[in-house]
Amino acid sequence: MKYSKSLIPTLREDPADAECVSHKLMLRAGLIRQVTRGSYDYLPLGLRVIRKVEKIVREEMDAAGCQEVLLPIVIPAELWQESGRWERYGKELLRVKDRSNRDFCIGPTHEEVITDLVRREIKSYRDLPKNLYQINTKYRDEVRPRFGLMRGREFIMKDGYSFHTSVEDLDRHYEVMKNAYLKIFQRCGLDARAVEADTGSIGGYSSHELVVLADTGESIIATCGKCDYTASAEIAASARPSAKKSKASSTVKEVHTPSLKTVEEVASYLKVEPSQMIKTLIYLTDKGLIVALIAGNLELNEVKLTNATGAAFLTMADEAAVKKLTGAEVGFAGPVSLPAEVQGIGKVRIIADISIEGISNAVTGANKTDYHLTGVCDARDFKAEKYIDLSSVKKGDVCPKCGKGKLDIVRGIEVGQVFKLGTKYSEALKAVFLDENGKEKPMIMGTYGIGIGRTAAAAIEQNNDENGIIWPLPLAPFHVELISVGEDSKVSETAEKIYAELMKNGIEVLFDDRAGRPGVKFADADLIGIPYQAIIGKKAIEQGKIEFKIRKTGERKMVGAKDIIDLINKELH
RNA sequence: CGGGGCGUAGCUCAGCCUGGCUAGAGCGCUUGGUUUGGGACCAAGAUGUCGUAGGUUCAAAUCCUAUCGCCCCGACCA
């Protein structure tokens, strides 16, 4: 490709509305342009990168025995109504109407469509298992798109769905897919790892996120320094001793604590450790009020609480609800003598972290403004519905898996996710098969996704310097950039000749044939980040030499014009 | 949805507080010339519904109101 014929609008300065490195560099290197919030044009260079990622994904999926299909982007509402998600999915689902006023949505994910296809075409255990995938544009009307291709509203995603006759078969296949995913990211030159994750609103019973470690990532991950434990902070556990089960000998006393609301204020006023305080948090859910209890030195993890309650949604109770429940201002709630139900809101459930189980002589709110209780004991003075892990992991917590290592908290970019779905969609959409005994059963499903654009963005996050992008070879839009320096006719003749040679040898080459000054061409070349540069200058050419530069290391060497093809071929393999 | 910020040339931004003649700079772009191995120089030039609508005023990029768009933080999120 000749630079002069392409469209590579590089920018000298950082665009004002880009925040993270990959977004800035994608704009500056002329890979993408924003059309509207969360939607982008893919320019020639950007599209080539996208195609590279897709190619690697296709090769690995096909190698794992998956079949590529292509499903519609505009989906009839009926399918989503059948699964129940038309009502439940919320505003993220972009809904449109056709000319006859029929409802459709722009597909944010394709469980319904694929399950509909499979239920119509597959009837027998003999035809299972199957894994069907597509690479397609998706649309999610995100509340807050950001960071360029990292979180767009319109984005390219590979999504795959597998159908099995048994959970065991799904389990086996799940491992195959997880490993295929790890291989894909490895081939993309990315350091990715599989992280245990929450299944979120998609449902299912087991999930891993495929995460590329990066400080700018939106996912927070706990990892063990000693063993291979890696989990999303949303679900990560830590090994914790349960509260000492001393006898309940203390007596409950009310103490005056004027305007002391926070754990720290009360603990220091009463001279007790925060771990002896019972932090009482009140949540509103679709199933009534939840009172969550946790030791004062720990942070509550809302994902864990949501999972523990089985609630569809959960928000912190507002001031009015807290007053109704406790009869006190916010800041003085406690588990002792709470009503079992609040008029107009619903039932009250108490759920406690394991740090509360067996706690004695504890301090907590008195449900009376400006008062706390001391000497409170679990089981005697209050009782929780259950005692489970509700705490957020912290750096330095003990690993729950090996019990030895300390947990570290790191950030990462989620580039893929795999789920064991089970029968959620096959039951809703009646995707059933006949087993060996002629018995009808719902198919067992798995689902597997990769954000294509996000993977490209993650590659830039991990590979850049002050001059621009440094593409890993497998994702690079071109293998080599050929740069002619100066207007000399010998130079341009030689460059043309080498350009033709490179192409003849199947090497992907971008030929900067522009008439610009050398400095401009070098700066653009470094910004665009093609791994190798072949530079043709007047002086060198007189000695039959060409300069070869490696973008990543800055290393340069002079090679004979005839040897450049061999050298590049060697570097490519 | 809550909080904050921004919208002036292709890009980055100044001007606005304290209204005043013809709206500016740098970069980019066009033409000519000199240059040519790390974002050159000289000269000449083109480019704007000052986001949009309404209002106040003799006079609005500037003040007021509404509205749209974009960015950030939070809530949210296969």
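No experiment lies behind these values; they were computed from the predicted model shown. Convention: sequence-line order gives letters A, B, ...; per-chain numbering from 1.
Between A:Gln34 and B:G69 there is no side-chain N or O to OP1 or OP2 distance below 4.0 Å. For B:C72, the OP1/OP2 oxygens have a side-chain nitrogen or oxygen of A:Arg144 closer than 4.0 Å. Contact between the side-chain N/O atoms of A:Arg517 and the OP1/OP2 oxygens of B:A40 is found at a separation under 4.0 Å.
When heavy atoms are screened at a 4.0 angstrom cut-off, A:Arg153 is found touching no nucleic acid atom at all. Among the protein residues, A:Arg33 comes within range of no part of the nucleic acid, since none of its heavy atoms lies under 4.0 Å from any strand. Nucleic acid contact class of A:Thr36 (heavy atoms, under 4.0 Å, all strands): sugar-phosphate only. When heavy atoms are screened at a 4.0 angstrom cut-off, A:Ala16 is found touching the sugar-phosphate backbone but no base atom. Note on A:Asp14: only backbone sugar-phosphate atoms sit closer than 4.0 angstrom, heavy atoms only; bases stay farther off. Here A:Asp524 lies in heavy-atom contact (under 4.0 Å) with a base. Among the atoms of the strands shown, none is found under 4.0 Å from any heavy atom of A:Pro9.
For A:Tyr174 and A:His208, the distance between ring centers is under 6.0 angstrom. Annotation: A:Phe511 is not in aromatic contact with A:Tyr3 [ring centroid separation under 6.0 Å not met].
In this model, a donor atom of one side chain and an acceptor atom of the other lie less than 3.5 Å apart for A:Asp198 and A:Asn307.
Side-chain contact between A:Pro44 and A:Leu47 is absent, with no heavy atoms from C-beta onward closer than 4.5 Å. Residues A:Ser484 and A:Lys521 have side chains in contact (heavy-atom distance under 4.5 Å, counting atoms from C-beta outward). Side-chain atoms of A:Leu31 and A:Leu43, non-hydrogen and from C-beta on, never get closer than 4.5 Å to each other.
Using P as the reference atom, B:G15 and B:G55 are 29 Å apart when rounded to the nearest Å. B:U56 and B:U65 have their C1' atoms separated by 11 Å, given to the nearest Å. Nucleotides B:C6 and B:G45 place their C1' atoms 32 Å apart, quoted to the nearest Å. Distance noted for atom P between B:A25 and B:U35: 29 Å (whole Å). To the nearest whole angstrom, the two C1' atoms, one in B:U62 and one in B:C73, are 29 Å apart. B:C68 and B:G28 have their P atoms separated by 38 Å, with the value rounded to a whole Å. The separation of B:U8 from B:C50, taken at their P atoms, amounts to 11 Å, rounded to a whole angstrom. When the C1' atom is used for both B:C29 and B:U47, the distance is 9 Å, rounded to whole Å.
The partner of B:C63 is B:G55, judged by Watson-Crick or G-U wobble contacts that both fall below 3.5 Å. Across every strand in view, B:G39 sits unpaired, with no contact that passes the Watson-Crick or G-U test at under 3.5 angstrom. Across all strands shown, the partner of B:C29 is B:G45, judged by Watson-Crick or G-U wobble contacts whose two distances both fall under 3.5 Å. In this structure B:A75 sits in no base pair that meets the Watson-Crick or G-U test at under 3.5 Å.
In this structure, A:Glu302 atom CD and B:G74 atom C1' are separated by 13 Å, rounded to whole Å.
Of the candidate nucleotides B:A75, B:U12, B:G37, B:G37 has the atom lying nearest to any side-chain atom of A:Val485. Of the candidate nucleotides B:C76, B:G37, B:G39, B:G37 has the atom nearest to the side chain of A:Glu547.
Nearest-nucleotide assignment on RNA chain B puts the 5′-proximal partner with A:Asp17, out of A:Glu142 and A:Asp17. Both A:Gly486 and A:Arg37 sit near RNA chain B, but only A:Gly486 has its closest nucleotide nearer the 5' end.
Contact annotation: side chain of A:Arg146 to base of B:C71, donor-acceptor pair absent below 3.5 Å.
A cation-pi arrangement, defined by a distance under 6.0 Å to the six-membered ring centre and an angle within 45 degrees of its axis, is present between A:Arg95 and A:Trp86.
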